[in-house]
Amino acid sequence: MKIQTYPGPEDIVLDPSTSKRIIMSCTKRKRKKNLSGRLQYYDTGSSKNAATDYNILDYPLQKLRPHGIFATLIGGKATLYVISHEEEDKILVFEIKDKQLIFKREYSAKDYPKLQGANDLFVLEDGTILFTANKESFTTDIGFANGMVGQIDPANDFKILIDRLRFANGIYVHNGELFVTETYSGRLMRYAFSSGQINMPGDVAAKIKGGDNISLHTSGLVIAGHLNLFRFFCMAFIIK
């Protein structure tokens, strides 16, 4: 079955308040411009074959350029975190209220410069945000070793957890381990992680060509991949 979405689907997550709803981020692109974006939902089991736009409150839709997303319960409330590639990259926080998204706050590259080039994110139970980011231009430094994992804790303090990743992309935390895909090297990196700290050097958990977003299915990880890396990097660097 195919689900029709707004142009440029980027990421999908499950609504934490109901396992029957899929949330997706989409950004329409053309040449070097991100033209417009949408946050949409689709109810599984629906007779429709198209996603529906969320009604977004208290945030201007014309500014929204969503990329990586993550949804979880924070203080018992279904909450959606969105990386938005605007003039300054941001992480936007929305409360999910059925078919509405209510804007709560933002983290901007103006206040957290390392957010520029943000890609994907994961949020811990206490609201700590972990995100991947990469410099926005090509580099010859150790084969694109320009990626990192950053952390913003509930006190709004920032620190770099991991750096010199070869294009950091998807991120997920499961059973005390932090996983990051390195798209350029084709590796799924694994790190012991607890109390906001990386506790030992990472190792290669798996080789995955063009690894991208990471999701959890039962006890295993599901990882998207880009089989054509040339096309992917053209999209990531030239069109962006």
Side-chain angles (χ1 to χ4, degrees), residues 10-11 67-70 81-86 88-92 106-124 126-215 221 223-226 229 232-238 240:
E10 296 281 359
D11 201 358
H67 196 80
I69 58 176
F70 189 82
Y81 294 78
V82 180
I83 290 175
S84 187
H85 288 160
E86 303 174 18
E88 293 173 339
D89 287 352
K90 297 177 179 178
I91 295 175
L92 308 176
E106 69 179 34
Y107 302 85
S108 171
K110 180 178 180 180
D111 301 311
Y112 300 93
K114 294 296 185 181
L115 263 176
Q116 200 65 28
N119 196 330
D120 199 11
L121 73 171
F122 186 94
V123 182
L124 304 179
D126 66 353
T128 295
I129 300 171
L130 309 176
F131 66 93
T132 57
N134 300 279
K135 294 178 183 178
E136 294 189 304
S137 60
F138 284 112
T139 177
T140 57
D141 181 24
I142 316 182
F144 297 98
N146 57 9
M148 63 107 190
V149 173
Q151 174 180 284
I152 302 174
D153 66 22
N156 297 323
D157 292 327
F158 167 81
K159 68 178 179 181
I160 295 175
L161 292 178
I162 308 165
D163 61 5
R164 303 189 74 75
L165 293 170
R166 301 178 71 187
F167 200 88
N169 206 324
I171 181 170
Y172 207 91
V173 176
H174 182 58
N175 287 342
E177 294 180 320
L178 188 155
F179 295 89
V180 184
T181 52
E182 282 187 320
T183 303
Y184 184 77
S185 67
R187 302 187 300 184
L188 174 66
M189 300 300 298
R190 174 175 52 198
Y191 303 84
F193 177 74
S194 63
S195 302
Q197 301 289 334
I198 298 296
N199 298 316
M200 59 187 301
D203 66 340
V204 179
K207 295 286 287 184
I208 299 172
K209 186 173 183 178
D212 201 319
N213 297 338
I214 306 172
S215 300
L221 299 176
I223 302 167
H226 298 270
L229 283 181
F232 170 77
F233 281 113
C234 284
M235 288 288 292
F237 289 102
I238 298 173
K240 186 174 179 182

> ring pair (Phe, Tyr, Trp, His ring centres under 6.0 Å) with F122: which residues, sequence neighbours excluded?
Replying inline: F70, Y172
> With a 4.5 Å limit on heavy-atom distance, are the side chains of I160 and V149 in contact?
Replying inline: no
>> So, using salt bridge (Lys or Arg N to Asp or Glu O under 4.0 Å) as the criterion, who are the partners of E88 when residues are at least two apart?
In response: none
> Within a reach of under 6.0 Å around NZ of K110, are more than 12 heavy atoms found that belong to other residues, nucleotides or ligands?
Replying inline: no
> If you measure only the distance, is there a donor-acceptor pair under 3.5 Å linking the side chains of N169 and T183?
Replying inline: yes
> How would you list, by chain and number, every residue that makes a salt bridge (Lys or Arg N to Asp or Glu O under 4.0 Å) with E106, sequence neighbours excluded?
Replying inline: K90
> Would you say the side chains of D212 and T181 form a donor-acceptor pair under 3.5 Å?
Replying inline: no
> In chain order, what residues pass the side-chain hydrogen bond (donor to acceptor under 3.5 Å, both in side chains) check against D126, with sequence neighbours excluded?
Replying inline: T128
>> I'd like to check the salt bridge (Lys or Arg N to Asp or Glu O under 4.0 Å) partners of D163; sequence neighbours left out, ordered by chain and number.
In response: none
>> Applying side chain to side chain contact (heavy atoms under 4.5 Å, CB included), can you list everything that pairs with S185, at least two apart in sequence or on another chain?
In response: R166, E182, R187
>> Under a 3.5 Å threshold, yes or no: a donor from one side chain and an acceptor from the other, between D11 and H67?
In response: no
> Looking at G196 and Q151, what are the two nearest heavy atoms and their distance?
Replying inline: CA-OE1, 3.5 Å
